[in-house]
Enquirer: 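This is the structure I want to talk about, given as structure tokens.
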Amino acid sequence: MARAEEDRSSYEVCKETADWLRARTAQHPKTAIICGSGLGDLADVLEKKAVFPYEDIPHFPRSTVAGHAGRLVFGELSGQPCVCMQGRFHCYEGYSGSTVTFPIRVFSLLGVEVLITTNAAGGLNHHFQVGDIMFIRDHISMFGLGGQNPLRGPNDERLGVRFPCMSDAYDPDLLSLAMESAQELGFQSFVHAGVYCMLAGPSYETIAESRVLQALGADAAGMSTVPEVIVARHCGLRVLGLSLITNRAATSYSSPEEASHEAVLRVSVARAEALCRLLARLTARLGESPRAPRPQPLTFI
Ligand SMILES: O=P(O)(O)O[C@@H]1C[C@H](O)[C@@H](CO)O1
Ligand SMILES: Nc1nc2[nH]cnc2c(=O)[nH]1
């Protein structure tokens with residue numbers, strides 16, 4: 001029988017972990033990066049690293065999926081203090097929404113202000129090629145629409161408000177900065193912006209399901225990210241989301257595409273260097289520019 005999962009939804013538990021980490025590193029990260037499947041190399045390029053295996057950190061869950069090493073890495077990227085999750089948690093591993101998103105709340109308590117979350121995803125948009133990068137403009141959560149929201153349950157106001165807004169989930173200023181950074185690197189031919197759709201997994205989509213997702217307006221399909229983004233917004237972090245298109249979702253009964261995690265990891269590993277360069281450039285730009293004030297939204301109509 002499966003062991004009962006620890007309840008990681010409480011402020012006190014999150015704070016205990018944040019205090020434990022604070023006592024063991026002098027670094028004060030402002031940016032947190034979550035490495036998607038096979039994208040752990042993103043953490044390896046940090047300088048002045050302090051590394052904590054998940055099993056050593058109080059209350060931290062364990063990574064169980066290939067391509068997710070299970071280490072928290074503090075360090076500097078382009079001279080900016082960052083913390084990187086080399087391995088994320090997924091609901092299909094059997095973890096609850098509060099466990100999957102536990103690190104986000106810990107980061108918030110550590111003083112992190114920006115979350116950059118990356119994932120491997122299947123391309124639904126006909127214009128996307130394997131190896132392309134999609135900045136996430138918005139999401140659809142089949143999981144969330146079905147009632148599996150990570151904020152389900154009692155709300156502790158110390159963590160965030162009961163009813164957080166999600167129409168601004170993906171920060172437009174960060175998206176512009178990311179697009180500019182991609183352009184500066186000459187990446188514009190394989191970079192897009194689009195809608196990420198989260199499914200529960202772990203099985204990949206059927207052809208009929210992929211067609212439904214396309215009709216709904218999704219550009220890429222995956223099994224993660226959305227719970228992290230919801231909790232990040234709940235606790236006031238600004239979010240940039242990025243999908244690496246590792247495969248094309250099959251949408252025709254005569255198409256040769258067959259999804260496999262091995263192929264996903266192969267493409268991720270092959271594209272990790274480009275992603276590292278992009279994140280390094282973006283982080284440098286983030287460090288350069290104090291946040292420009294946003295125009296005030298109109299309050300009438
Ligand atoms: O953690 P991410 O979202 O990058 O991983 C994707 C979704 C599944 O975990 C896995 C399927 O190949 O890759
Ligand atoms: N749901 C889903 N997740 C993925 N992760 C990487 N590729 C895919 C895919 O095709 N579908």
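Keep in mind that the numbers below use all heavy atoms, side chains included, and drop hydrogens, waters and symmetry copies. Model, not experiment: these values are computed from the prediction. Counting convention: from 1, in listed order, for ligands and their atoms alike.
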Enquirer: Can you classify the ring geometry of F52 versus F74 as parallel (below 30°), tilted (30 to 60°) or perpendicular (above 60°)?
Expert: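 Ring orientation of F52 relative to F74: perpendicular.
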Enquirer: Could you check, using the six-membered ring where one of them is a Trp, whether Y54 and F89 have ring centers closer than 6.0 angstrom?
Expert: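 Yes, the ring centres sit under 6.0 Å apart.
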Enquirer: Around atom 8 (C) of ligand 2, find the nearest protein heavy atom and jot down its residue, atom name and distance.
Expert: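 Answer, as residue, atom name and distance: G122 N, 3.4 Å.
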Enquirer: Considering only heavy atoms of N119, which atoms of ligand 1 have at least one such atom less than 4.0 Å away?
Expert: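 Answer, ordered by atom number: 3 (O), 4 (O).
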Enquirer: Checking H90 against Y95 for the ring pair (Phe, Tyr, Trp, His ring centres under 6.0 Å) test, could you report, in this order, the C-alpha distance in whole Å, the side-chain angles of both residues, the deciding distance, and whether it holds?
Expert: CA-CA 7 Å; H90 307 84; Y95 289 134; 9.1 Å; no
Enquirer: Answer with side chain, backbone, both or neither: which part of N119 has a heavy atom less than 4.0 angstrom from an atom of ligand 2?
Expert: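 It is neither; nothing of N119 touches ligand 2.
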Enquirer: So which heavy atom in the protein is nearest atom 11 (N) of ligand 2, and how far is it from that ligand atom?
Expert: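 It is E205 OE1, 2.8 Å.
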Enquirer: Which heavy atom of the protein is the closest neighbour of atom 3 (N) of ligand 2, given with residue, atom name and distance?
Expert: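 So the nearest neighbour among protein heavy atoms is G222 CA, 3.3 Å.
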Enquirer: Give me the residue, atom name and distance of the protein heavy atom closest to atom 3 (O) of ligand 1.
Expert: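 For atom 3 (O) of ligand 1, the nearest protein heavy atom is S224 OG, 2.5 Å.
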Enquirer: Within ligand 2, which atoms have a heavy atom of M223 less than 4.0 Å away?
Expert: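 Near M223, the atoms of ligand 2 are 1 (N), 2 (C), 3 (N).
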Enquirer: Between E180 and R285, does at least one N-O distance fall below 4.0 Å, as a salt bridge requires?
Expert: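 Looking at E180 and R285, the cut-off is met.
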Enquirer: Mind checking whether F190 and F187 have parallel, tilted or perpendicular rings, split at 30° and 60°?
Expert: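 Tilted.
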Enquirer: Near V264, which atoms of ligand 1 are under 4.0 Å from a heavy atom of that residue?
Expert: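 The list of qualifying atoms is 12 (O).
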Enquirer: Among L77, L177, D173, which residue satisfies the side-chain contact (heavy atoms from CB on, under 4.5 Å) criterion with L286?
Expert: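 Only one of L77, L177, D173 forms a side-chain contact (heavy atoms from CB on, under 4.5 Å) with L286, namely L177.
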Enquirer: Please report which non-hydrogen protein atom sits nearest to atom 7 (C) of ligand 1, along with the residue it belongs to and the distance in Å to one decimal place.
Expert: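 Result for atom 7 (C) of ligand 1: M223 CB, 3.8 Å.
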Enquirer: Do F135 and Y170 make the cut of ring centroids closer than 6.0 angstrom?
Expert: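 F135 vs Y170: aromatic centres not under 6.0 Å.
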Enquirer: Polar contacts were defined as any N/O atom of the residue lying under 3.5 Å from an N/O atom of the ligand; does this apply to Y204 and ligand 2?
Expert: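 Checking ligand 2 against Y204, no N or O pair falls under 3.5 Å apart.
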Enquirer: Answer yes or no: are there more than 12 heavy-atom neighbours, outside R158 itself, under 6.0 Å from its atom CZ?
Expert: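 Yes, CZ of R158 has more than 12 neighbouring heavy atoms, counting only those of other groups under 6.0 Å.
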Enquirer: Given that the side chain starts at C-beta and the backbone is N, CA, C, O, which of these parts of S37 lies under 4.0 Å from ligand 2, counting heavy atoms, or is it both or neither?
Expert: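 Under 4.0 Å from ligand 2, S37 contributes no heavy atoms.
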Enquirer: In the protein, what heavy atom is nearest to atom 11 (C) of ligand 1, and what distance, to one decimal place, separates them?
Expert: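 Its nearest protein heavy-atom neighbour is Y204 OH, 3.3 Å.
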Enquirer: Output yes when R71 and D44 qualify as a salt bridge under the 4.0 Å nitrogen-oxygen rule, no when they do not.
Expert: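 Salt bridge: yes.
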Enquirer: Does A249 have a non-hydrogen atom less than 4.0 Å from ligand 2?
Expert: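 A249 does not count as a contact of ligand 2 under the 4.0 Å cut-off.
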Enquirer: Write out the residue and atom name of the closest protein heavy atom to atom 9 (O) of ligand 1, then the distance separating them to 0.1 Å.
Expert: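 Looking only at protein heavy atoms, the one closest to atom 9 (O) of ligand 1 is Y92 OH, 2.6 Å.
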Enquirer: Within a distance under 4.0 Å of any heavy atom of H90, pick out the atoms of ligand 1 and give their elements.
Expert: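 By the 4.0 Å cutoff, the relevant atoms are 1 (O), 2 (P), 5 (O), 9 (O).
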Enquirer: Are A221 and ligand 2 in contact, using a heavy-atom cut-off of under 4.0 Å?
Expert: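 It does; at least one heavy atom falls under 4.0 Å.
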Enquirer: Does atom CZ of F163 have more than 12 heavy-atom neighbours, drawn from other residues, nucleotides or ligands, at distances under 6.0 Å?
Expert: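 Result for CZ/F163: open.
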Enquirer: Could you tell me, atom by atom, which parts of ligand 1 come under 4.0 Å of a heavy atom of G36?
Expert: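 Counting from 1, the qualifying ligand atoms are 4 (O).
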Enquirer: Take atom CD in E258; do more than 12 heavy atoms of anything else shown fall under 6.0 Å from it?
Expert: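 12 or below, so no.
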Enquirer: Using heavy-atom distances only, which candidate in M198, E93, H261 approaches atom 10 (C) of ligand 1 most closely?
Expert: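 Selected option, by shortest heavy-atom distance: H261.
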Enquirer: Quick check on side-chain contact (heavy atoms from CB on, under 4.5 Å): which of I230, D138, V226 does M166 satisfy it with?
Expert: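 Between M166 and the candidates, side-chain contact (heavy atoms from CB on, under 4.5 Å) is satisfied uniquely by I230.
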Enquirer: Around atom CZ of R137, are there more than 12 heavy atoms from other residues, nucleotides or ligands closer than 6.0 Å?
Expert: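 No, CZ of R137 has 12 or fewer neighbouring heavy atoms, counting only those of other groups under 6.0 Å.
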Enquirer: For ligand 2, which atoms have a heavy atom of V264 less than 4.0 angstrom away?
Expert: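 With V264 as reference, the close atoms of ligand 2 come out as 6 (C), 7 (N).
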Enquirer: So is A120 in contact with ligand 2, going by heavy-atom distances below 4.0 Å?
Expert: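 So A120 counts as touching ligand 2.
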Enquirer: Compute the shortest N/O to N/O distance between A120 and ligand 1 and return yes if it is under 3.5 Å, no if not.
Expert: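 Looking only at distances, the answer is yes, because the N/O contact criterion of under 3.5 Å is met.
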Enquirer: Please say whether S37 places an N or O atom under 3.5 Å from an N or O atom belonging to ligand 1.
Expert: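 S37 vs ligand 1: N/O contact under 3.5 Å present.
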Enquirer: What atoms in ligand 2 come closer than 4.0 Å to a heavy atom of T246?
Expert: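 Close to T246: 6 (C), 7 (N).
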Enquirer: Can you tell me which residue and heavy atom of the protein come closest to atom 10 (O) of ligand 2, and the distance to 0.1 Å?
Expert: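 Looking only at protein heavy atoms, the one closest to atom 10 (O) of ligand 2 is N247 ND2, 2.8 Å.
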Enquirer: Rounded to the nearest 0.5 Å, what's the gap from NE2 on H59 to CD on E12? Could you check?
Expert: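 It comes to 10.5 Å.
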